[in-house]
Number of protein chains: 2
Amino acid sequence: MIETEFRRPVVTVDIVMLTPCRGELCVALLPRPNEPFADQPALIGGYIHTDEDLSAESAVRRILKAKAGIGDIFFEQLQTFASATRDPRDWSVSIAYFALLPEGWLEDPEGPLLLRPATSPGQLPFDHNEIIAIALERLRNKGAYSTIPARLLPEVFTMTELLAIYQTVMGERLDQSAFRRKVRELDLLEEIEGEKRRTESARRPTTLYRLKRPMSVFDRRL
Amino acid sequence: MIETEFRRPVVTVDIVMLTPCRGELCVALLPRPNEPFADQPALIGGYIHTDEDLSAESAVRRILKAKAGIGDIFFEQLQTFASATRDPRDWSVSIAYFALLPEGWLEDPEGPLLLRPATSPGQLPFDHNEIIAIALERLRNKGAYSTIPARLLPEVFTMTELLAIYQTVMGERLDQSAFRRKVRELDLLEEIEGEKRRTESARRPTTLYRLKRPMSVFDRRL
DNA sequence: CTAATAGTGTCTTTTAGACAGTATGCC
DNA sequence: GGCATACTGTCTAAAAGACACTATTAG
């Protein structure tokens, strides 16, 4: 049987960009330039440009660069939202991604980007609230079993900062001693020789670490 | 800025249908009716019909019914494959799903469906080998922490069958005693009162169970 | 009785969690 | 010395894994 050609859906990518701010996870939003929902904050996203994007991932990189001025950042495919009703204009497919950025890397007070608490971003257009909720759930689920949360920190960090970011991601208190033990046993970190840092409030200087591998997945829970 | 409209990619769904056969997991393939790769076995899939499908999930149900004669079956979104090169004809988006079916529910010797070992399905067109590999990995990862593998069994099953299907999915031997203990502690199963079954070879009749909830996710590993 | 699968009990090792205690260095 | 944070040690409890043991019933 020969399949007749159907009217094609429109295909976009949407990016849940998460970054720590004020002790919680925030999502970056951008006021929409056009109708529908013009001027309302929404996820960073855009059409796939079939004439220049080689893949959905390339489209994500292009859009992050163009709309948020960000290059070379961790992102991962989340889920695809595809239905006749999610966009009032047309049958629409959104390939959703989540991206992680260290605190402060986004703060351009002149720029149009908004940071809103990820758990309460306000009411957003389309199914963007649902997409953010699923992104948070995914980050939580994968977070405990991988070094993904470390992508929310700069390359060099202290054990306390690492613990804090895991707590933020997981939304629960973790025991410091057990956390250090597990990190040691899983051999995740490389100590930065000789270097120490003093925080403003701390008396004792603290050891600095970086990840041994850009990304580790494990069986045990951190 | 107003985004010009771009030529839209073609959007399909592809389904990795897995079912136990001959002690391992097999994937259902269908010879392609048209070019490209006409007559070569490939994943069950098809275009999204924007005029009749309300969502990608509806398209999956429609395609499963039309191409494999299957209705009302467990399936879950896997990942979306989207690039300029995966289909020689055009920029193509495939929203991939994996589906699970009990052993024997597919065996229509007259039908065109083929069953091939999921770990070695032979060389398939497009990126279908990669999609199957990712489906298996996902099933393995989620399998240990959920009752998803039970969707590969009929509604009523014995503890030994459940253990066996988890072993097939996980690709490792599991201790029977520990398995029973965990299943009991997690309170997953409902005993079918009074009913017992004798298998051909077994002497002692065995208790029959069904899942208490259609789907459970847990923290512990089964 | 034996064979064959169904199902239980128990011991050891590993991992998690709680929490108290020590270490360091600035004031 | 006091304070605040960095880091360690130790005890307990929960879970995982190994494996031997008992139970049931057809033949």
Between A/R221 and B/D219, does the salt bridge (charged side-chain N to carboxylate O under 4.0 Å, His left out) criterion hold? Intermediate values first, please. CA-CA 10 Å; A/R221 203 183 176 77; B/D219 246 42; 3.5 Å; yes
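Using a 4.5 Å cut-off on side-chain heavy atoms (C-beta onward), B/I95 and B/D14 make no contact.
Taking only side-chain nitrogens and oxygens, B/T207 never comes nearer than 4.0 Å to OP1 or OP2 of C/dA6. Contact annotation: A/T160 side-chain N/O to D/dA6 OP1/OP2 distance is under 4.0 Å. Residue A/R204 places none of its side-chain N or O atoms closer than 4.0 Å to OP1 or OP2 of C/dA23.
Rounding to whole angstrom units, CE of residue B/M170 and P of D/dG17 are separated by 10 Å. Residue A/Q176 contributes atom CD, which lies 14 Å from atom P of C/dA18 at whole-angstrom precision. Rounded to an integer number of Å, the gap from A/M159 CE to C/dT24 P is 17 Å. Taking atom CZ on A/R180 and atom C1' on C/dC19, their separation rounds to 15 Å, with Å as the unit. Following rounding to the nearest Å, B/L174 (CG) and D/dC19 (P) show an atom-to-atom distance of 15 Å. Rounded to whole angstrom, the span from the CD atom of A/E185 across to the C1' atom of C/dG17 amounts to 14 Å. Between B/R221 atom CZ and D/dG17 atom P the separation is 8 Å, expressed in whole Å. Residue B/L162 contributes atom CG, which lies 18 Å from atom P of C/dT5 at whole-angstrom precision.
Crowding of A/D187 atom CG: a count of heavy atoms from other residues, nucleotides or ligands under 6.0 Å exceeding 12. Other residues, nucleotides and ligands contribute only 12 or fewer heavy atoms inside 6.0 Å of the CD atom of A/Q123.
Judged by distance alone, with hydrogens and angles left aside, B/R184 brings no side-chain donor or acceptor close enough to the base of C/dG7 to form a pair under 3.5 Å. Evaluation of atom-type donor-acceptor distances gives no pair under 3.5 Å for the side chain of B/S177 against the base of D/dG17. Checked by distance alone, B/R181 brings a side-chain donor or acceptor within 3.5 Å of a matching partner on the base of D/dG17. Contact annotation: side chain of B/T206 to base of C/dG7, donor-acceptor pair absent below 3.5 Å.
Distance from the side chain of A/K182 is smallest for C/dG17 among the nucleotides C/dT15, C/dG7, C/dG17.
Partners of B/T119 according to the side-chain hydrogen bond (donor to acceptor under 3.5 Å, both in side chains) rule, which considers only residues two or more places apart in sequence or in another chain, do not exist here.
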